[in-house]
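Reading through the C-alpha cells given below for one structure.
All values reported here derive from a predicted model rather than from experimental measurement.
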Amino acid sequence: MTIQNADAREIDQVLGRWVQARSGSPLLGRAAMAASRGEGQGHVCCALEADAGFAAGEIDAMRRHAWVGDGAVFKPYVLDAQANLYTWRNWRNESRLAELMRTRAAQCTLPLDAPTLAASVAELFAGSDAAATHWQRVAVAAAPGARVFVLAGGPGTGKTTTVLRMLLMLLRHAAACGLSAQPTIALAAPTGKAARRLGESIAEGRAALLEQLASESAFAPMLARLDGVPAQTLHRLLGFQPWSESFAFGADAPLPADIVVVDEASMIDLAMMRRLFEALRPESVLILLGDPAQLYAIEAGSVLGDMVASVSENALPKALAQRLSGIDDFAPTADTAPLAGQAITLTHTWRANAGLRDALAALRCGDLARLDGVLAGAESNDLVWQACDSASAVRERVHDWVEARADWFARLSQSDIAPADALRELRRVQILCALRAGAFGAGSVNDLVTRQIAARFGFNAGVDWHHGRVVIITRNDYARGLYNGDVGIALDGADGLRVWFEGADGAPRSFSPRALPAHETAWAITIHRSQGSEYDEVAVLLPPDAQHRILSRELVYTAVSRARNRAHLWATADALRAAVANPVKRRSGLREKLMASSPGR
C-alpha cells in the first residue's frame, strides 16, 4: 500500500512507509504519517477519525496491534479512549506533566487568615483604583500557599506589576507559606530578549512601587531583595549543556530556587514545560506569566492555553472565595478543577491608546465586526490598515515607511552614536512579516530597506557589513551568550566594525562580525521571532492569499500586540478577515487531564 498524502511533508511520508514496513500494518503506517504530520503542525496527538478519516473498524483493528498500547506500558504508539493517537514520547510528556501539575496544585494551602490577607493586599495596592486592580489583588492574595500559579492576560494588563507584588507577599509571609526564611528567586523566559525584558520590567516596577509604598511599610525593605536578581533564559535556568544535549537540573537534581517566575509561558512547548516542572522542589513556588492568545510554541503543545482553559475564567473555589471576603465580595463557585484559584486572568488594560487596546480585545475574540471598522478607516491612528496585494504594493509600503522614518534611520547611521543609544533606538520601530521568503517575506523586505537607506546614506547595498546594519541571531551560541532572536547593530568605531548586543545585565557588549553565529539582517523579522519583544510602532505584513495556511488569529494578535503605541497592517482585506476568523486549535489531551475534579481551596 502506498503511504501518501497531499498535505503531508516528505518526512511524514517516509516515516509512514517505515512504520508500515516494520510493523506489517498499512493502517498503522497511515496513522503514523498522520500523527507525524500533526506534530509538525504543533499537535500533541492526532484524532484519527476527525483529522485523518479513519473508520471505527480501522481504529479497533489498530488497538489490537502489538505496536499500539493504552499508555500503561511502553509501546511506540498510544491510542486513547477518544481515538487520539500519540507517539509514546508525546503521551509520556503529556501524562507526566499533567501528573506533576495536579500534584503541585493539590499541595496548595490557605496559610494566611482573612484579616492578614486583607491588610497586606491593602498595603500593596494603597492608592490604586479598586475596580481596575480587582483581579490583580485577587492574584496577589491567592499566591500564598500555592505551589503553582498561572497569571494570564494581554499586553498592558499589569502582569509584571502584579507578579512583583506577589513576590513581595511571598517574601513577607515566607514562613507561613512553607518557604525558607530568605527565599531565593529565579527569573526566566524562553528567549534571551524576553528574559531581558522581564528583568527590565521587574526593575522598573520595583522603582515605581518603592515610590508608592508608605515609608513605614513592611514591604518597602523587601524590594531591596529583588534588586539585581538576574533574568535568564529557561535553558540556562535548567542548566542546558549543549555538548551533551542534556540539562543539569531535573528530577534527580532539583533547582535550588524557592520561587521561580517564568514569563512568556505561551512560548513553552510540552517537553520543555515537563522539564521545568520536574526540576522544581516540592516546596518551591512556580509562577507562570503569559498571554494564551499569542502564538504557541513552535514545537508540540499549547500548554499555557490548556492550563488556563482547564478552569472557568477566574473561578475561585469556595474556601478561597471565603478567605478573600475581606478584600472584596466573592460568590463561592462550584469549580473544583485542580487549578481553580491558581489561574487568574487579568482583564483590565492600562494602555492609554484606546484604538490599539480595543483592537487587541477584538482580535482576542475574533470580532469581525470590529475588524470591518478598521478596514473602513473608522479607527483611530493607533491601528492603521493599508491594502497590500502585490509585490509592487509591498515596495510602495516599504518605501513610504522608510521615508516617513528618515530621522530614525539617520540616527542609527550617525558615525558617533553610542552603542547603548543605538540599541535603545532598535526598540522603537520594527517591520514584522508572517513569512520568511518571497515578495511578502522578511528577506525581501530587508533587501528593499537596505537598498533604500544605502542610497540615502551612501554605502554599498551589496556588501554584507556596514555601519548601522541591524541583525538578528538565528541560532543559539551558548559559549558567547548569543541566542536565537537577539537583535544587534553593527557600528564602526575606534576598534573597527563591531556588532553590539545587549548583555544579560543590560550593558552593551560587542563581537566581531566573524564571531557571530548564524544571523540575518533585521529591518524586518518574522512575527514568530518577535515574540518576547515590544516596540513603540510596528508594521505587520501578511501574505495576500486568504487561503494561506500560515494565517491565523494568533498570528495577527501576536504581531499587533508587539506595538506599544501604533500598529500598521499591510494586508488584503480578505487575508486579514481570514486570519482573524481562523483561531489555532492544537490537539492535546492536557486540558482534559487537568479538568478532573479534586478537592478545591
Side-chain angles (χ1 to χ4, degrees), residues 1-101 244-247 250-251 268-275 277-278 296-303 305-306 549 584-594 596:
M1 179 177 180
T2 301
I3 299 293
Q4 194 169 357
N5 184 301
D7 295 330
R9 304 167 298 172
E10 182 177 356
I11 190 173
D12 306 327
Q13 297 185 38
V14 169
L15 176 63
R17 289 193 290 269
W18 186 92
V19 170
Q20 175 178 323
R22 299 301 189 279
S23 70
S25 170
L27 276 178
L28 189 56
R30 277 176 51 207
M33 181 184 67
S36 177
R37 174 178 173 271
E39 186 169 358
Q41 297 171 344
H43 301 295
V44 177
C45 56
C46 173
L48 290 181
E49 187 173 5
D51 296 341
F54 279 76
E58 294 175 319
I59 294 171
D60 289 340
M62 269 191 292
R63 290 190 190 280
R64 298 189 292 271
H65 195 281
W67 282 33
V68 179
D70 62 3
V73 297
F74 170 76
K75 296 288 182 71
Y77 291 95
V78 175
L79 189 54
D80 70 11
Q82 290 73 43
N84 295 313
L85 185 70
Y86 292 78
T87 62
W88 172 260
R89 180 189 67 253
N90 282 348
W91 169 264
R92 184 57 184 156
N93 282 338
E94 183 177 277
S95 299
R96 177 62 175 151
L97 178 58
E99 175 189 354
L100 291 166
M101 286 182 179
S244 60
E245 292 289 320
S246 62
F247 293 83
I268 305 176
D269 61 61
L270 180 68
M272 180 57 75
M273 191 69 86
R274 173 189 170 178
R275 289 190 187 100
F277 269 78
E278 283 189 330
Y296 299 131
I298 294 176
E299 303 298 331
S302 52
V303 181
D306 289 338
R549 62 186 300 172
V584 173
K585 297 179 180 178
R586 286 190 168 181
R587 290 283 184 189
S588 164
L590 182 60
R591 176 185 174 183
E592 288 71 22
K593 289 180 173 68
L594 292 176

Closest non-hydrogen atom pair between V78 and D70, with its separation: CG1-C, 3.7 Å
Flag, side chain of E94 to backbone of G589, donor-acceptor distance under 3.5 Å: yes
CD-OG distance between Q20 and S25, expressed to the nearest 0.5 angstrom: 7.5 Å
Nearest heavy-atom neighbours spanning L28 and Y77: CD1-CD1, 4.3 Å
Atom pair CD/CZ of E278 and R275 - distance to nearest 0.5 Å: 9.0 Å
Pairwise distance CG(D306) to OH(Y296) - rounded to 0.5 angstrom: 7.5 Å
Rounded distance (nearest 0.5 Å) linking atom CG of L15 with atom CZ of R9: 9.5 Å
Taking every non-hydrogen atom, the tightest pair across S95 and K593: OG-CE, 3.8 Å
Mutual orientation of the aromatic rings belonging to W18 and W67 [parallel < 30°, tilted 30-60°, perpendicular > 60°]: tilted
Side chain to side chain contact (heavy atoms under 4.5 Å, CB included) partner of D60, the single match among R64, E58, M62: R64
Value rounded to 0.5 Å, distance of CZ in R587 from CG in N84: 6.5 Å
Donor-acceptor contact present, side-chain R274 to main-chain L100, <3.5 Å: no
N/O donor-acceptor pair under 3.5 Å between H65 side chain and L27 backbone: no
Closest contact, heavy atoms only, S36 versus D12: OG-OD1, 2.6 Å
Nearest heavy atoms of A81 and R63, plus distance in Å: O-NH2, 3.8 Å
Chi angles and distances behind the salt bridge (charged side-chain N to carboxylate O under 4.0 Å, His left out) call for E99, R96: CA-CA 5 Å; E99 175 189 354; R96 177 62 175 151; 3.4 Å; yes
Smallest separation among heavy atoms of R586 and A300, with atom names: NH1-C, 4.3 Å
T87 backbone acceptor or donor facing N90 side chain under 3.5 Å: no
